[in-house]
Q: 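I'd like to ask some things about the structure below.
By convention in this document, chain letters (A, B, ...) are assigned in the order of the sequence lines, proteins followed by strands, and residues within each chain are numbered from 1. When reading the values below, keep in mind they use all heavy atoms of this one structure, side chains included, and skip hydrogens, waters and symmetry mates.
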Amino acid sequence: MSTTVVEPWAEEPLLRYVAQSGARLVVVMTPSGQVLAQHGFARAVDLMAAAALGAAIMAASGALAQQLGERAFGALFHAGQRHGIHLAPCATPRGPLVVLTVFGKETSIGLVELFHEEFAAALHRAAPAEAVRAPVLAADFEADLNRSLTSLFRR
Amino acid sequence: MSDALQQSLDRLARVRGMRGSMWVAAEDGLTVAQLLMEGVRGKAVAALAASLARKVSGTAGAVGAGTVRFVQMETASGTLLVAPAPPDLLIVALADPQVNIGLARLEMLRAVRAVAR
Amino acid sequence: MSLVNFTTREITCKIVYYGPGRSGKTTNLQYVYAHVPDDRRGRMVSLATQTDRTLFFDFLPLDLGTISGFTTKFQLYTVPGQVYYNATRKLVLQGADGIVFVADSQVRQLDENLESLRNLQANVLEQGVDIRGLPMVLQFNKQDLPPELILAPGELDQALNFRGLTAFPADALHGAGVFETLKGVAAEVLRRLSQGDGAVRRI
Amino acid sequence: MDLNPRFRFDSFVVGASNRVAAEAARTVAEAPGAAYNPLLIYGRSGLGKTHLLQAIGFQVQERAADLRLEYLTFEAFVERYHASLAAGQLEPFRVSMLETGLLLLDDLQFVLEHPEAQAELLWLSEALLGAGRQMVVACDRAPAAIAGLDERLISRLAGGLVVDVTAPDLATRVAILERKVAERGAGISRPVLETVAELTATNVRDLVGAVNRLIAFQAVSETPLTSETARALLAGEMPGPAPGGAAGPDAAAPPAPAGVATAAAGGEPDEFAAFLSAVSTTVAETVDAWRGQVGAAVLRWQGEGYRTRPLEQLLLAEEIPDVAGALAAYGAAVEELRRLAAEVAAFDPAASGHACLRDPEHLEEARAFAERVRAGVEPPPAPARGLTLADYVRGTANDAAVRAVEAVVAAPGAAYDPLFLTGASGTGKTHLLHAAGNALLAAHPGLVVACLSTQVFVEELAQTLAAGRIEWWRSRYRHADALLLDDLQLLAGREQAEQELFALVDAFAAARKQLVLTADQPPGQLAALSARLKTRCEAGLVLELTAPDRPMRAELVRRLLAARDVAAVPDAVEYLAGRPADSARAVQGLVNRALARMDPATETLTAATARLAVEGRAPRPSQAQAISAPRAAGLDPLLSSREKVVWDWPDIAECLVEEWR
């Protein structure tokens with residue numbers, strides 16, 4: 001299962017997280033669904049769908065939190081028959097990120113939750129604080145999304 | 001149910017040297033009830049204890065030794081005690097090295113029986 | 001989504017604004033939101049990215065009060081335009097009673113318009129709905145741009161209007177044609193309702 | 001037509017201009033038919049005439065629910081009249097109109113456009129008023145002022161009380177506005193209503209229109225309406241809506257709304273108001289579309305002469321009813337009524353117009369009625385089963401006739417219609433006739449074959465005439481698919497029967513149904529038949545059955561002996577066949593006499609015993625044989641034939657009845 005990253009600093013924390021939590025799929029992305037790092041995806045299309053849907057779920061639950069006057073939800077956990085999904089934000093100097101983790105029966109939500117905290121802390125430490133990314137111009141917003149995809153799957 | 005769990009933790013906490021006790025869901029590794037002293041990372045203990053329990057019962061199954069009743073892990077700085085309460089609970093205790101193991105084990109097994117009914 | 005519920009005497013219409021990225025779908029909703037009296041509209045929910053690209057949907061509930069004894073509510077949705085978000089776009093289409101296809105009149109966006117129309121067809125088909133039966137209108141937005149940059153309504157009609165739908169030239173940013181489009185799609189939806197199964201879908 | 005639930009007395013604003021009319025209407029509503037009948041209310045349109053008419057209808061309906069009420073505009077009346085004419089259901093239309101307890105006729109002035117319907121209205125009003133039924137008529141001018149209105153209709157309609165309604169004065173107008181605003185639950189201050197009352201034209205409909213616009217506007221603008229805004233609003237120009245679809249590039253700046261009342265907050269409400277009103281009309285049309293559907297159905301079914309009360313009830317429902325279900329159910333009921341009517345018509349044409357076959361609400365009644373009619377008709381007398389073609393002795397004497405009968409059986413009504421068999425009595429006409437009937441039944445199961453002798457025909461006719469059920473009797477025979485009539489010569493002197501028979505024969509010929517007739521002489525010489533019946537009988541094929549020749553007689557003898565399982569020596573058969581006999585019956589007589597002298601079980605018949613029996617002294621028949629065997633040949637053959645003898649003599653009186661008529 002390949003682990004690829006757009007920016008090198010994210011690779012080491014991701015590998016440790018995958019090893020510790022025993023997760024099957026992991027996506028590290030921006031709240032708009034742009035993927036920074038991934039583990040376990042073979043095809044860009046699947047990754048795109050997962051990223052878009054993960055970002056959408058975070059956006060939807062964020063809006064729900066607003067309606068309830070909550071600041072923001074912590075982690076979201078969906079228990080399935082064969083898989084569980086763990087979706088949680090994590091703040092980094094590079095801006096808020098979202099981590100989507102899909103895990104099987106070989107691990108448990110407790111462990112994933114536990115090691116996600118460590119992973120989030122690691123990402124926070126590893127993320128370079130240099131110039132916050134240039135604001136994406138409206139025109140090439142989509143190009144920017146696709147650029148990260150191509151870099152993930154070019155190697 | 002929850003106060004029964006809490007009472008069993010209170011009794012366990014009275015054993016000298018006990019640093020923390022908790023009920024953990026075996027499947028998820030999430031805490032169900034806990035009575036911890038300061039500084040004990042409950043979430044980590046629960047998750048790891050559950051993982052440990054699952055691995056141990058896996059090994060017991062593999063060697064045909066039947067179901068696991070009690071796990072004791074002694075380390076340099078402390079002792080981790082785990083007793084499965086089928087079908088989906090574990091009682092976990094974290095104690096100093098010189099804790100009265102027998103008393104702690106007795107309380108934990110009594111708690112397991114109380115929950116099983 | 002049930003259209004008319006005779007027992008509770010309610011009419012609810014789900015109208016989805018579809019179209020290529022940045023064609024002005026969200027702008028339509030924002031203009032409507034700004035021009036409807038407070039008591040007639042709910043909060044506008046906008047699940048967008050930091051750069052205000054619609055990520056999942058914008059949602060604006062309208063309450064038109066009691067008409068002929070029926071409490072009439074409209075729910076306006078917009079979908080993300082970018083191809084990237086096709087997965088979420090499909091979800092918003094579920095149970096739509098009417099579609100407003102917001103086309104971007106700019107010449108250089110003609111291909112995106114066509115691509116988005118094909119994408120709409122595919123997504124609707126995927127839900128097992130026959131697009132021919134779905135009430136729909138076209139909006140040729142951004143008609144306020146200088147003429148050399150855009151196509152005239154007639155040309156757009158030729159290029160995009162395969163099914164002979166009613167089309168509304170508009171400038172959503174400044175509000176021209178926004179309410180007309182909404183009126184148009186509402187009429188289509190309600191007319192389909194009365195022709196359709198005569199007895200009006202019962203719950 | 002339906003009554004609008006909003007038009008009631010308590011929602012009618014009484015003012016000086018309409019007090020008299022309102023009072024008259026109320027008295028009529030309290031005692032329909034007693035006080036002013038007919039009541040005629042005239043006045044310019046939009047002054048509440050229809051409101052009063054329907055208010056009367058409502059009150060009467062509440063008091064006397066069973067009283068049948070009809071609210072019609074004159075145009076609707078004409079439409080129904082024309083529709084029923086077109087559907088050939090004029091009679092049922094008139095019958096249903098006559099059942100009206102209270103007729104509310106609106107917009108009489110349209111009589112100018114339909115002069116032909118005046119006569120129908122005159123007839124109806126005379127009938128209704130004659131029966132003391134209440135009529136209330138509304139018209140936009142005094143009846144005398146309607147040019148070209150039939151004098152008798154004017155006198156008839158103006159015969160009761162004529163009242164007028166004039167334009168409401170200021171006070172009444174304000175009262176009306178207040179009532180309407182209260183009804184709609186909107187809050188509009190009194191000064192505003194007064195300005196509106198001054199401004200608007202004088203009829204009530206415009207007032208209501210103004211109020212609606214005010215309420216719609218009030219609903220969307222934040223600030224409450226003032227007299228000025230109302231004046232401007234009603235002065236005709238609505239605040240300019242945002243430019244519509246044709247927003248060309250020039251629509252850069254948001255259109256500053258012309259006119260008044262730009263709501264402070266939330267941008268221009270006018271756009272939304274325009275949108276709201278557009279959607280409202282679409283919703284109203286859609287939701288109320290069903291009312292148009294039901295209305296159309298009511299008109300259609302009434303046009304075809306059916307009662308439509310269940311559908312009219314639908315229109316009054318506050319709740320939106322299950323329209324499709326109701327219409328489908330109603331349609332199904334009408335379909336069944338049509339089927340029943342057709343079925344009844346087959347038996348008794350007059351009965352198919354019966355009222356209960358016109359009312360989908362009472363299907364049981366219609367079904368019971370149809371059952372009664374169906375039961376009334378037993379099938380006409382059938383051919384005697386015993387006489388079949390198989391045991392009919394064929395020979396040169398009757399070969400042509402038998403082949404003709406076989407042709408008839410193969411294709412009833414096609415080959416020879418009618419087939420006329422003549423021949424002396426006993427030459428086998430009756431046997432062949434019944435044999436033909438049975439063959440027809442065998443070949444075409446389900447066919448209704450009437451086979452009887454004219455004697456029975458005449459007697460039956462006499463009985464039905466006495467019982468007055470002639471219509472039923474006629475349809476009973478018309479319902480048959482083939483008519484086989486024996487011994488036509490017996491018609492002699494029965495002039496009534498002859499006429500009936502002609503009508504029947506005519507009907508059968510028209511319907512190409514098979515007719516087989518027999519008589520002892522060809523039609524030409526039958527004194528009993530009228531000239532036209534003669535031609536009818538000769539129109540088909542006339543065949544004569546002659547006396548049986550020798551070979552036939554031999555065959556006959558063999559058949560008869562075999563039937564009685566008597567062994568016979570061939571020359572005995574030859575001897576008997578040789579005896580002179582002019583008919584099958586005579587041969588039968590010979591054989592019987594021959595057998596009388598012997599015991600059929602033990603002996604065989606020899607020529608000697610046969611000769612002795614036939615020519616010698618006829619032995620005295622034993623008691624048992626006498627009954628079964630016919631008496632000595634000397635008697636008139638008519639009496640001795642089993643088919644011809646009438647076993648139960650009809651009551652002489654019945655025959656007399658016919659003579660004395």
Side-chain angles (χ1 to χ4, degrees), chain C residues 3-4 6-7 9 11 13 31-41 62 64-70 72 74 143-147 150 152-153 166-171 173-184 186-200 202, chain D residues 184-185 215-216 219-222 241-255 257 262-294 297 317-328:
Chain C
L3 201 49
V4 177
F6 272 93
T7 34
R9 298 179 78 80
I11 296 181
C13 293
Y31 184 84
V32 171
Y33 179 74
H35 290 82
V36 168
D38 291 353
D39 60 348
R40 288 303 172 96
R41 53 174 159 80
L62 292 183
L64 302 185
T66 312
I67 303 171
S68 305
F70 277 73
T72 312
F74 276 31
Q143 284 289 320
D144 58 317
L145 294 177
I150 59 170
T166 5
F168 300 89
D171 162 20
L173 206 57
H174 306 104
V178 169
F179 272 105
E180 284 65 19
T181 311
L182 186 51
K183 213 187 300 179
E188 283 290 322
V189 168
L190 292 167
R191 191 169 308 118
R192 184 63 41 85
L193 157 86
S194 61
Q195 286 156 358
D197 37 29
V200 178
R202 269 185 201 297
Chain D
R184 298 287 296 276
I215 293 177
V220 293
S221 61
E222 262 65 36
D250 51 45
T262 25
E268 305 75 9
D270 46 18
E271 273 189 299
F272 180 75
F275 164 71
L276 184 60
S277 60
V279 171
S280 310
T281 31
T282 332
V283 167
E285 276 156 25
T286 322
V287 163
D288 282 346
W290 69 271
R291 219 173 269 279
Q293 257 176 342
V294 175
E318 274 310 311
E319 256 290 311
I320 311 278
D322 168 11
V323 176
L327 286 183

Q: Does a side-chain heavy-atom distance below 4.5 Å link Thr282(D) with Lys183(C)?
A: no

Q: Can you tell if the side chain of Leu64(C) reaches within under 4.5 Å of the side chain of Phe275(D), non-hydrogen atoms only?
A: yes

Q: Do Phe74(C) and Val279(D) have side-chain heavy atoms sitting under 4.5 Å apart?
A: yes

Q: Going from CD1 on Ile67(C) to OG1 on Thr281(D), what distance comes out if it is rounded to the nearest 0.5 angstrom?
A: 8.5 Å

Q: Can you give me the closest heavy-atom contact between Glu271(D) and Tyr31(C), atom names plus distance?
A: OE1-OH, 2.7 Å

Q: Does any backbone or side-chain atom of Tyr33(C) lie under 4.5 Å from a heavy atom of chain D? Answer side chain, backbone, both or neither.
A: neither

Q: Taking side chain as C-beta onward, heavy atoms only, is Phe272(D) less than 4.5 Å from His35(C)?
A: no

